[in-house]
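Worksheet: the structure to be examined is printed underneath.
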Amino acid sequence: MQRSHAVQNIKTQLNAAQYEAVTTTEGPVLVIAGAGSGKTRVIEYRSLYLVQQNVDPESILLLTFTRRSAQEMIQRASRNDTRCAKIDGGTFHSFASKVLRRVSLSLGFSGSFTIYDEGDAEEAIRRCCNKMGYDQDKEFPKKNELKTVFSVCVNKGMSVDDAVQRMYSDYEDFTSEIKTVQKEYMDYKRRNNCLDYDDLLIYLKLALDNEELRDRISSRYRYIMVDEFQDTNGVQADIAQLLARKNGNIMAVGDDAQSIYGFRGANHLNILEFPKRFPGCKVIKLEENYRSTQPILDVGNAVLSNMKHKFEKRLVSGPGLKGEKPALRRFDDIYEEAAWVADRVQSLRAQSVPMREIAILFRTAYTSMPLQSELIKKGIRFKLFGGRKFYETAHVRDVISYLRIVANPADELAWHRVLLLLPGIGTRTVERLLELISSEDSLPHIIDKAITPFCAGQKHSDVLSSFRTVVQSIDSPSLTPAARLDKVIAHYDPIMKAKYKKDASRAKELFMLRNMAQRYDSLKEFLADVSVDPDKEGPDDSEYVTLSTVHSAKGLEWDKVFLIGLVDGVFPSGRSLIENNASDIEEEQRLFYVAVTRAKQELSLSFYDKGSGEKGSGGLCRFIVSRNVKETIEERGVAAAIRRPPAKHFSKRRR
DNA sequence: GGCTACTGTCTTTTT
DNA sequence: GACAGTAGCC
Ligand SMILES: Nc1ncnc2c1ncn2[C@@H]1O[C@H](COP(=O)(O)OP(=O)(O)OP(=O)(O)O)[C@@H](O)[C@H]1O
């Protein structure tokens, strides 16, 4: 009785196609539909529906693109039925990290592995190059280029030869050296008990390829749902398939026109070929858009129609929402634009528009700096997404490294970092110490055999013994991660003050880190989340404007959206133009489509003249210049720009 | 010999 | 503002 009431309730929240997707629980299902058509809502209500059919929530697995979106969906479903909180969800990477801690021994490595972020991986590669003496050659590929090659090999399933030829043909003469570095790098990670992001996927797939392990991992999952399937890569699609092999109940959701992670190996063909991969798959299309007004959708449609790959879909507002044509404004420079946007946000605030319903989107995070200072000047609170900084700043990494050596004493990069901070120790001494450290197998041994003897005859013996004491004291398993951080920070504080003079913001950030750590009981979990979950803070219900890269805005929506910096060479990015690679530029175009379709009621487009540099025209973004797109927008003069006195030319010089 | 402080270069997008 | 490379200092 109660159940049918609940199902009835679900039905009222969905249209017919959505309802069909929600209630088709058995077998493979593909939901493919345009932006704002209610795909996310399908996943949310399907989770709820399953649980209300008395499916064990722990047997439902929800794989999404960011952990934040998984958590949000689960949270919303839980509001209707608290059992939903037990649904298992996360990104492919976070799922892999969790599973591998459990089964790593069967694959031949310890469960206490460290996860490298991009910076760590590059540093490890640098060390491998040095070891081989390749760093002497100035022409040799840079470490980040090498990382890209290795990553492409994994994520696009290519050989080193193909990857080098396709992406860096200049380096073809180095191909055999590059292969050597790759081997060295793999060896290095194994010795140090570390995995990079790609390894997480590779090893998870490896585990799933083994029948017995696959059973151990996947038997508990009876229903699997994957969001944003157009942005999965080959390995991830394989993983999904292997996980679903037993029960066959898998739903993929996505929109091929919104594929924006090709640079990371995503293959938008995955979603189109999903029915081939899963024979008997039911394909459901959602036709109506519930998010945006028709004039906003018209811009999206015009962009869609310009794409080389033709998408037959057209976005139509289901409820027939009316609204203003999106406006396009031109500014003299980026500072004018920033000042104008900040002004507009301020007047919206004066009209009591909730700040949560406003977002300012841009192609690259660092171009938002002028805007940030304008908002600060006006006392408008904002939160920045994308352009990942926090965990990458030197001081945060320093502090985290102390914890890493405790969690995994074989983590050479962490030792390297921590030792270099000590006075009187430079690169040479660090290398000597690392040599000693690598031959010991536990932290106490390392301290006894390597650190203590070294400290003996040193000048700065006071600092060195303080270092030793701290490392020893944070090795106690009974301490919480936060308590350990306290000790580390106490030791690190004077080092930081010496390194960065008077910088209060860094101390504040370490305090934030400590607060985050407080939510964890286990050190390993905390460290795993630091690398696998970029989401820094907990829930925050204060009022703030969202500043975000378009990539990080995927799947989200706001009443008012300002899309700034629509300058050819900025958006599309200069990098994509310089290579003149058609598929890169198309990805930028899809990115623009994603950006436009975030807005519910009001969309403002703006650009400034940059003057043509080497890359791009420096004028208006090429995706807007097309006649059919221009017809969907309203070009506005900028009264505000004239109002601005030359004050900000001042700030321009100072920036 | 090894450490440190200084200078010039370059900055897409993210798990 | 972070990093690589370099010159000078202990
Ligand atoms: N059946 C419906 N009736 C009314 N509103 C709906 C319905 N389905 C979805 N919506 C609303 O439409 C908006 C967009 O939905 P949703 O975020 O699920 O779309 P999406 O397809 O996931 O979009 P994107 O591809 O951009 O991620 C949301 O505000 C959602 O609440």
Side-chain angles (χ1 to χ4, degrees), chain A residues 63-70 90-97 115-123 126 130 135-136 138 142-144 147-148 151 154-155 195-201 204 228 231-233 235-236 259-266 361-369 385-389 391-395 397 420-432 459-460 498-501 503 505-506 528-535 548-554 565 569-579 584 587-588 590-592 594-595 615-616 655:
Chain A
L63 292 174
T64 58
F65 207 71
T66 63
R67 291 180 107 196
R68 185 156 46 112
S69 69
T91 62
F92 276 93
H93 291 89
S94 72
F95 177 68
S97 140
I115 300 168
Y116 277 170
D117 65 19
E118 215 62 2
D120 295 322
E122 284 176 12
E123 179 64 16
R126 196 180 63 82
N130 290 356
D135 55 325
Q136 300 302 327
K138 295 267 178 286
K142 306 272 162 292
K143 58 186 168 43
N144 60 323
K147 177 78 217 324
T148 308
S151 212
V154 171
N155 292 305
L195 304 184
D196 64 20
Y197 290 134
D198 298 331
D199 293 331
L200 289 174
L201 300 181
L204 175 58
E228 311 279 12
D231 280 321
T232 56
N233 63 38
V235 188
Q236 290 170 324
S259 165
I260 54 175
Y261 281 92
F263 70 92
R264 205 173 94 178
L361 307 182
F362 31 80
R363 177 62 180 81
T364 53
Y366 75 94
T367 58
S368 66
M369 287 308 296
F385 295 88
R388 26 192 219 113
K389 282 199 319 262
Y391 288 123
E392 299 216 312
T393 48
H395 50 291
R397 294 183 70 121
L420 258 185
L421 291 170
L422 297 167
I425 297 187
T427 45
R428 261 356 250 244
T429 314
V430 169
E431 293 309 325
R432 279 210 317 271
K459 259 206 225 123
H460 307 83
K499 208 168 148 190
Y500 306 105
K501 304 287 175 261
D503 192 342
S505 70
R506 290 179 197 261
D529 278 9
V530 164
S531 15
V532 127
D533 182 7
D535 218 2
S548 177
T549 60
V550 181
H551 282 90
S552 298
K554 182 158 90 153
V570 176
F571 197 163
S573 86
R575 282 282 185 103
S576 69
L577 299 176
I578 216 157
E579 306 272 328
D584 285 355
E587 182 152 306
E588 298 279 320
R590 290 194 294 271
L591 190 62
F592 181 62
V594 169
K615 317 157 200 164
R655 276 263 109 215

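Here is how names work: the chains are called A, B, and so on, in the same order as the sequence lines, proteins then strands, and each is numbered from 1. This structure is a prediction, so every number in the text was calculated from the model and none was measured.
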Distance below 4.0 Å between A:Thr549 side-chain N/O and B:dT14 OP1 or OP2: yes
The residue, A:Thr91 or A:Gly426, whose nearest nucleotide of DNA chain B is more 5′ is A:Gly426
Is it true that A:Glu122 and A:Lys147 have a side-chain N and a carboxylate O under 4.0 angstrom from each other? no
What's A:Ile425 touching, base or sugar-phosphate or nothing? Going by heavy atoms closer than 4.0 Å. sugar-phosphate
Specify the separation, in whole Å, of atom CZ of A:Phe92 and atom P of B:dT14. 19 Å
For A:Glu122 and B:dC10, what is the distance between atoms CD and C1' respectively, to the nearest whole Å? 14 Å
Counting only side-chain nitrogens and oxygens, does A:Thr364 get under 4.0 Å of the OP1 or OP2 atom of B:dT11? no
How long is the gap from OG on A:Ser576 to CD on A:Glu587, to the nearest 0.5 Å? 9.5 Å
Which whole-number value in Å describes the distance from A:Arg428 CZ to C:dC10 C1'? 18 Å
Return the 5'-most residue of the pair A:Ser573, A:Glu118 with respect to DNA chain B, ranking by each residue's nearest nucleotide. A:Ser573
In whole angstroms, how far is the C1' atom of B:dT14 from the CG atom of A:Leu201? 13 Å
With the six-membered base ring of B:dT13 as reference, does the ring of A:Phe263 sit under 5.5 Å away with planes under 30° apart? yes
Would you mind classifying the nucleic acid contact of A:Ser576 as base, sugar-phosphate or nothing, using non-hydrogen atoms under 4.0 angstrom? nothing
Verify whether the ring centers belonging to A:Tyr261 and A:Phe65 lie closer than 6.0 Å. yes
Base, sugar-phosphate, or nothing: which does A:Tyr261 touch, judged by heavy atoms less than 4.0 Å apart? sugar-phosphate
Going by side chain to side chain donor-acceptor pair (under 3.5 Å), name the residues that satisfy it together with A:Asp584, two or more places apart in sequence or in a different chain. none
Write down the atom of A:Thr549, the atom of A:Gly386, and the distance for their closest heavy-atom approach. OG1-CA, 3.9 Å
Heavy atoms only, 4.0 Å cut-off, all strands: where does A:Ser94 land among base, sugar-phosphate and nothing? nothing
Minimum side-chain heavy-atom gap A:Gln236-A:His93 below 4.5 Å: yes
If I take atom CZ in residue A:Arg575 and atom P in nucleotide B:dT14, what distance separates them, rounded to the nearest angstrom? 14 Å
How about A:Asp117 and A:Ser531: does a side-chain donor come under 3.5 Å of a side-chain acceptor? no
Scan A:Arg264 against the nucleic acid and name what it touches under 4.0 Å (heavy atoms): base, sugar-phosphate only, or nothing. base
Rounded distance in Å - CZ (A:Phe362) to P (B:dT13): 10 Å
Please identify each residue that fulfils side chain to side chain donor-acceptor pair (under 3.5 Å) with A:Thr91, with sequence neighbours left out. A:Ser94
To the nearest Å, how far apart are A:Arg432 CZ and B:dG2 C1'? 9 Å
Whole angstrom is fine here: how far is it from CG in A:Asn144 over to P in B:dT14? 16 Å
Please determine, for the side chain of A:His551, which listed nucleotide (B:dT15, B:dG2, B:dT14) has the closest atom? B:dT14
Any donor-acceptor pair under 3.5 Å between the side chain of A:Arg67 and the base of B:dT15? no
Output a table of nitrogen or oxygen pairs between the protein and nucleotides 2-5 of chain C separated by less than 3.5 Å.
unit_1, atom_1, unit_2, atom_2, d
C:dA4, OP1, A:Lys143, NZ, 3.3

